[in-house]
Amino acid sequence: MTDSADKKPAKPVVLTCAQPTGRLHLGNYLGAVLNWGRMQDDYECFFGIVDQHAITVRQVPAELRDNTYSCLAQYIACGLDPAKSHLFAQSHVIGHTELAWILGCLCPLGQLERMTQFKDKARKHESVDAGLLFYPVLMAADILLYNAELVPVGDDQKQHLELARDLAEKFNHRYSETFKIPEPFISKVGSRIMSLQDPSSKMSKSDPNQSSTVYITDSADEIRKKIMSSVTDSGSDVKFAEDKPGVSNLLTILSACTGESISALENKFVGKGYGDFKKAVADAVVATLNPVRTRYETLIKDRTELDKIFKAGAEQAQSRAFKVLSKVNRKVGFVERPR
Ligand code: TRP
């Protein structure tokens, strides 16, 4: 048998990243992280914690460090498995900022100034640092540094991914074929979880009304309290409908937690009131998040273990990153690094 017949075909590379900003909530879990976890067997997955992106807004250093550890522990608790995937901190891998610089030299300033998220954030802050403007270029580098093919992202990141595609094409055109053009991966089962108090807006960690948001680390009591006091709609039917955004949101949550279809759930609650329905939702969320919280509490106590996981992830990510980076450097015309 020849060597190449022996080798399994390489799995397609998936990459996604998140900023280390405190606690994950039920929307992050059901709408994103749970689905990332489901990709781990079929793809080679890179999951980055982007601490370098986080400093585009002011951070308290000790909090940033704590949040980065906490983010790793939460991801693992949610099912991202360091034995299957590469979990790493952005600042641990040489290449993200190097590639961002090179891509930045291909990127028209106007394209960055037109980014919706930049305009929104710039409006909210008195003065704007160059890092905030450059944020999408660093994100493009995160993706291209691993030559990722699929990038699971939410709607709000689609414009940034479009920029990554543009920059990959530009580089390929100016130098020669180097980068795969990354595709957004929008999961079919990705649920859109809304606020428990105002179901017209997304569940969010920055909601001033904290009973709107269930965190994956909330206790069973906290979860029950928040769900039982969630807003419902007029009438008493448990139906998924446009004029019933509160009930529809709870149905989405229940369906995502139990795996039962929305219509099966509607049938189950015919003739029962909102009280019974909410109790079922609360039970399902508690059952879903209990093991997550327990795993998190164990992991977060053991920084030595988390450091080990960061180290292994950084090594795996670095080995792929160096390959791509040295190819890029050569194509750009940099003299090979003296060994
Ligand atoms: N900008 C993304 C967010 O705020 C985080 C991010 C950074 C990212 N680099 C990435 C997402 C690369 C996907 C791929 O959600």
Side-chain angles (χ1 to χ4, degrees), residues 12-25 27-29 31-33 35-37 39 43-57 59 64 67-68 71-72 74-75 78 80 85-93 95-101 103-104 107 111-112 115-122 124-125 131-168 179-187 190 192-193 202-206 313 317 320-321 324:
V13 171
V14 165
L15 172 134
T16 193
C17 302
Q19 296 196 39
T21 45
R23 296 182 291 169
L24 294 175
H25 57 65
N28 302 133
Y29 179 63
V33 187
N35 295 314
W36 303 350
M39 304 181 84
Y43 300 92
E44 179 168 6
C45 295
F46 290 83
F47 298 119
I49 300 174
V50 288
D51 46 4
Q52 291 170 326
H53 275 107
I55 61 165
T56 51
V57 295
Q59 297 282 341
L64 176 60
N67 283 341
T68 305
C71 190
L72 179 64
Q74 288 178 73
Y75 279 151
C78 288
L80 304 189
S85 302
H86 316 300
L87 276 77
F88 65 95
Q90 186 183 33
S91 66
H92 290 170
V93 181
H96 290 259
T97 51
E98 281 78 359
L99 183 57
W101 178 256
L103 297 173
C107 184
Q111 202 170 356
L112 297 181
M115 290 281 149
T116 328
Q117 200 167 72
F118 170 71
K119 288 196 285 186
D120 283 354
K121 285 192 188 170
K124 283 185 204 146
H125 294 94
L132 195 62
L133 181 71
F134 210 63
Y135 179 114
V137 181
L138 181 58
M139 175 164 162
D142 297 337
I143 298 166
L144 302 182
L145 187 61
Y146 301 93
N147 231 332
E149 286 163 67
L150 286 178
V151 184
V153 279
D155 272 348
D156 61 328
Q157 296 298 317
K158 274 199 201 147
Q159 195 184 28
H160 290 163
L161 189 67
E162 204 49 55
L163 179 78
R165 291 165 57 86
D166 284 354
L167 294 175
F179 295 120
K180 298 196 172 125
I181 310 302
E183 297 285 341
F185 184 86
I186 313 290
S187 161
R192 216 173 128 78
I193 308 298
K202 264 176 47 171
M203 185 176 281
S204 156
K205 115 182 142 56
S206 45
R320 187 167 173 97
V324 177

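Ligands are counted one by one from 1 in listed order, and the atoms in each one are counted from 1 as well.
Among protein residues, L15, T16, C17, Q19, V50, H53, Y135, M139, D142, I143, V151, V153, Q157 come within 4.0 Å of ligand 1, judged on heavy atoms.
Inspection of the D51 and S91 side chains reveals an N or O donor paired with an N or O acceptor under 3.5 Å.
Applying the side chain to side chain contact (heavy atoms under 4.5 Å, CB included) test between Q90 and each of L138, I49, T97 identifies L138 as the sole match. Among E162, K158, Q157, the single residue meeting the side-chain hydrogen bond (donor to acceptor under 3.5 Å, both in side chains) criterion with H160 is Q157.
In this structure the side chain of H125 reaches within 4.5 angstrom of the side chain of V57, judged on heavy atoms. At a threshold of 4.5 Å between non-hydrogen side-chain atoms, the residues L145 and F46 do not count as touching.
Using a 30° and 60° split on the angle between ring planes, W36 and Y75 fall in the tilted class, from 30° to 60°.
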